[in-house]
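One structure is given here, and the rest of the page talks about it.
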Amino acid sequence: MTAQLVESFDEMRSLLRAEHRSEHRVGVVPTMGALHEGHLSLIRKARETTDFVVTTVFVNPTQFGPNEDFERYPRRLEEDHRLASSAGAHAVFAPKTEEMYPPGEQTRVVVRTISQGLCGAHRPGHFEGVTTVVSKLFHLLGEGTYFFGKKDFQQLRVIEAMARDLFFPVAIVGCPIVRESDGLAMSSRNAYLSPSARQQARALWEGLQAAWRSYQEGERKVQELLSLARAPIDASEFELEYLELRGRDQLEALEQISQGGSLVQPAVLLVAAELEGTRLIDNVVLEPGAPAQLGGVR
Ligand code: AMP
């Protein structure tokens with residue numbers, strides 16, 4: 001089945017009106033395109049639990065900083081349309097920038113505390129761009145279940161907070177990270193890596209995995225977990241941006257989830273690092289009794 005390719009707001013609205021009238025459950029997978037297995041896993045998940053799946057493809061200018069990769073971000077709508085169709089999407093919504101951000105537009109949506117720190121500290125304005133575009137999508141596409149990857153863990157928590165605080169009639173589902181066979185989290189930006197950088201990129205997951213294993217064996221000391229995660233990164237050419245332990249549910253500060261230097265609450269270990277100018281992020285949830293495959297590649 002080939003997904004319907006929709007570019008205009010009007011066409012998208014009338015398609016969804018018909019679906020809502022038929023009481024079909026709508027599922028939405030927002031993306032910036034350059035689709036890979038990570039995105040496709042979200043589309044498949046949406047297919048399992050909803051009746052009409054829309055994949056959005058929009059490289060959102062407001063979430064890129066002035067020195068970031070907006071210009072060179074991969075754009076291949078035809079291929080994305082084919083891949084989204086093969087994963088079972090019913091529609092691909094690829095709006096034009098002029099319609100998303102018409103001349104004179106001046107509104108931004110800001111989520112406060114949870115957007116600060118981590119990626120928010122290193123990419124000023126990034127989450128403001130994300131929450132603005134996602135709220136536009138929530139308004140345009142309306143009621144439904146929206147699927148986001150845990151790969152962008154802070155983004156997921158920020159969007160959950162926004163949906164809750166602004167009473168959007170949406171359900172948010174966070175989906176597992178899909179990885180390459182060596183553990184590197186799939187990302188459209190992995191394509192920027194040279195072959196030698198690609199070899200080294202596994203260091204991020206190696207570190208997270210070492211901390212995860214140790215946690216599952218009973219280690220709770222914050223410094224020990226952080227140094228386990230850090231070792232492979234330090235041994236590589238990655239330039240570390242941040243490596244932090246936060247609360248799993250609200251990204252609470254370390255002081256709120258630890259006592260005497262040991263974790264006492266479920267946590268998430270998050271990392272961002274640059275290799276050859278390419279910025280990569282990854283994370284792993286540390287909670288007791290998590291399924292074994294979380295520490296492995298899948
Ligand atoms: P992006 O196109 O990078 O903005 O990503 C669109 C959605 O796909 C976001 O919700 C991401 O978290 C999710 N995503 C990206 N990479 C992965 C991955 N490797 N595994 C699971 N979800 C992913």
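Hydrogens, waters and symmetry mates are skipped; everything else that's a heavy atom, side chains included, is used. As the structure lists them, so they are numbered: ligands from 1, and atoms in each ligand from 1.
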Does [X] count as lying over the ring of [Y], i.e. NZ or CZ under 6.0 Å from the six-ring centre, within 45 degrees of the axis?
{"X": "Arg189", "Y": "Tyr73", "result": "no"}
{"X": "Arg75", "Y": "Phe70", "result": "yes"}
{"X": "Arg25", "Y": "Phe52", "result": "no"}

Backbone, side chain, both or neither: what part of Leu156 comes under 4.0 angstrom of ligand 1, heavy atoms only? neither
Tell me the contacting part of Pro176 for ligand 1: side chain, backbone, both, or neither, using a 4.0 Å heavy-atom threshold, strictly below. backbone
Enumerated ligand 1 atoms positioned under 4.0 Å from heavy atoms of [X]:
{"X": "Ile177", "answer": "20 (N), 21 (C)"}
{"X": "Phe148", "answer": "10 (O)"}
{"X": "Gly149", "answer": "9 (C), 10 (O), 11 (C), 12 (O), 13 (C), 22 (N)"}
{"X": "Met186", "answer": "16 (N), 17 (C), 18 (C), 19 (N)"}

Hey, any chance Leu243 and Val284 share a hydrophobic cluster, counting ILVMFWY side chains that come within less than 4.5 Å of each other, even indirectly? yes
Please confirm whether [X] comes within less than 3.5 Å of ligand 1 when only nitrogen or oxygen atoms on both sides are compared.
{"X": "Lys151", "answer": "no"}
{"X": "Lys150", "answer": "no"}
{"X": "Met32", "answer": "yes"}

Donor-acceptor contact present, side-chain Ser22 to main-chain His24, <3.5 Å: no
Tell me whether Gln216 contacts the main-chain N or O of Glu287 through its side chain, where contact means a donor paired with an acceptor under 3.5 Å. yes
Considering only protein heavy atoms, which is closest to [atom], and at what distance to one decimal place?
{"atom": "atom 11 (C) of ligand 1", "value": "Asp152 OD2, 3.0 Å"}
{"atom": "atom 20 (N) of ligand 1", "value": "Val178 N, 2.9 Å"}
{"atom": "atom 8 (O) of ligand 1", "value": "His39 CD2, 3.3 Å"}

Any side-chain donor paired with an acceptor under 3.5 Å for Glu276 and Ser194? yes
Ser8 versus Asp10, side-chain donor and acceptor atoms under 3.5 Å: no
Would you call Pro30 a ligand 1 contact, heavy-atom distance under 4.0 Å? yes
Sub-4.0 Å heavy-atom approach of His36 to ligand 1: yes
Check: Met100 and Phe9 side chains under 4.5 Å, non-hydrogen atoms: yes
